Amino acid sequence: MPKDISPIVCAIGSPLLCLVVKEQTIAQRYDVKRMRLSVFVPLALAVAAAVASAQQPDLIQNPAARHGASLDGRWQYLMDPYEAGYLDFHLNPIKDGGLGANRVPRDKGDKYELAFLPATPALEVPGDWNTQKPVLLWYEGSVWYRREFDHPTAAAGRQFLWFGAANYQAVVFVNGKKVGQHEGGFTPFQFEVTGMLKDHANAVIVKVDNQRHADAVPPAMTDWWNYGGLSREVRLIDVPETFIEDYQVQLEKGSMDRVAGWVRLNGVRKRQKVTIRIPEAGAAFPAETDDNGYARFAFPAKLSLWSPESPKLYDVTVEAETDRVQDHIGFRSITTQGTKILLNGKPVFLRGVAIHAEAPFRSGRVFSEADARTLLGWAKDMGCNFVRLAHYPHDAAMTRLADEMGLLVWSEIPVYWAVQWENPAVYAKAERQLSEMISRDKNRASVVFWSMANETPLGDARTKFLSSLAAKARELDGTRLITAATLPHAGAPNTVVLDDPLGRYLDVMGCNEYIGWYDGPPEKADLTSFQNTYDKPLVMSEFGAEAPFGSHGDETTAWTEEYQANVYRHQLGMLQRIPFLQGMAAWILMDFRCPRRFLSGVQDYYNRKGLFSDRGEKKQAYYVLRDFYESKVSH
Ligand code: GCB
């Protein structure tokens, strides 16, 4: 790192990070803590690792392909801003679980208050609560959900209650008993409920709490709406006594004709014969699970490789003696060579756009295939072969559809801005979310990047935290590339240097820069060049400017479509001159709700950097980027 004073090129409007920070200032700031850190961090991470390994996700792979019942639909709900359904008046947990106990008044004299009476109103699940009732738009706190379902006890085998996601903390009760809790708003979780169900009128009660906390992942300050609730689908899954819990079926790292992976059984009959079949490719590979129910496999197969131009998916079945699951899987290889990214052995340039899980037209969190189809369709029409799913794992419909439609995906966890790097419990939360993200999407050909973090401030504790996450990601899935969206910093005049120490641990450098918006006028881009300390590819993971649709002026007037389009023109000129640039993700496909974007009549609590408005209107910058991507394809 150059030792001269080097201002950080600032990318965001956060008071925490948007100060023009001198490198020395950062070093000083962290030096103060270094003594304390050097003793604390190794210990902290060791503790965190121990906690995390005990919490390896044992999620059921491919829940959509399992027997069971959807629990989507109308759930009764009660807002509980004081947590009075959970804590007594001295803040002690209510012994029987409070509202979770599912009590009903016994007789007309019963004065018990913690109950869902028939008149209790309902919310749709899946769905954030904010956009369903005006009173909930800005609400941050607990909401209790309840629904009933029947389940024939005749069903043999085991039952799991599975949630696609609940933002942010969920406590789950079944028939009055607490079955577990989960923290993290964007990844799936499940609880076994075998033996707890009745034929009729089973009650599931879930307390979902979306309060923001400094020690959460993401932390309290983000740049998106804190949509709360049972935001993704809920299912009851029926599986046999011993079932195929999880599997990975992908090409062996670096190979284009060898399938490799593993299967894990859960249940008493751990030792079984299993077969992995890809009928269309004439492949059927037998394996045997060990005493832990685990089998690895690797076999040759002649396959048409998956790519954005030809998103070929194969039916794949994993068969054990007691269970069978079918999936739809694409096979492709993704590697790097020096500063190149190779898809199926050939250099690929990523023509991308970032996407928030903000629903087009109706606002709210994306949860359906229809939402996903609209957003990904817009990206595809713009000439993209790549999407950055910011800033947290999106609904499974997005990655499934990206597989089908042929879009490469960057998937990330909400380790965003100022996380508590020194707190082992926070590390454990981040690692847990990373594991759940990888667990869910490890068979999606579209997913080529696991991203560890976004715009985090430099410092030893942060680099240790993030490099530990990178190591964990490699351990869980060695087949994909590891990246992170880092902050650039200015070196010599007009030079941006990519020298984040985290770069050592990444396969591909991500970088967010806002030249022309937070950082100087659009023309600054014409003079700026980039230096890379690492012999690694760069993906410009963000750039952009803000303009509400329909706001017009000349190209020097901020907050107009003309200004935004002008930023894009200068940016694209600059980006083309970066020799090690292998892709970009413009910020962002569509305007999204955001409580920290106040400007009245302009932002109105929306971040307006979208190429589309939230109503699907195309801004001028859309056409600039589309033309650029078209020209990239034709050359
Ligand atoms: C960033 C952040 C992103 C913000 C964006 C902006 O650098 O990564 O989450 O929304 O800038 O619009 O400022």
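It should be emphasised that the depicted structure is a prediction, and the values quoted were computed from it without experimental measurement. Counting convention: from 1, in listed order, for ligands and their atoms alike.
Using a 4.0 Å cut-off between a side-chain N of Lys or Arg and a carboxylate O of Asp or Glu, E561 and K619 do not qualify as a salt bridge. Remark: R440 does not engage E436 in a salt bridge, criterion side-chain N to carboxylate O under 4.0 Å. Ion pair R597/D223 flagged as a salt bridge, since at least one NZ, NE, NH1 or NH2 atom sits closer than 4.0 Å to an Asp/Glu carboxylate oxygen. For E412 and R388, the salt-bridge test passes: some basic side-chain N is under 4.0 Å from an acidic carboxylate O.
Contacts between T222 and ligand 1 below 4.0 angstrom, taking non-hydrogen atoms only, are absent altogether. Residue contacts with ligand 1, taken as heavy atom pairs separated by less than 4.0 Å, involve R597 solely via side-chain atoms from C-beta onward. Only the side chain of N454 comes within 4.0 Å of ligand 1, counting heavy atoms alone; its backbone N, CA, C and O stay farther away. Residue contacts with ligand 1 for E542 involve side-chain atoms from C-beta outward but no N, CA, C or O (heavy atoms, distance under 4.0 Å). Heavy atoms of F543 found under 4.0 angstrom from ligand 1: none, in either backbone or side chain.
For ligand 1, the polar-atom distance check against K609 finds a nitrogen or oxygen pair separated by under 3.5 Å. Between H356 and ligand 1, no pair of N/O atoms sits closer than 3.5 Å.
In this structure, K618 satisfies the cation-pi test against Y622, with its NZ or CZ atom closer than 6.0 Å to the six-membered ring centre and inside 45 degrees of the ring normal.
The shortest heavy-atom distance from W224 to ligand 1 is not under 4.0 Å. Ligand 1 lies out of reach of W517, whose nearest heavy atom is not under 4.0 Å from it.
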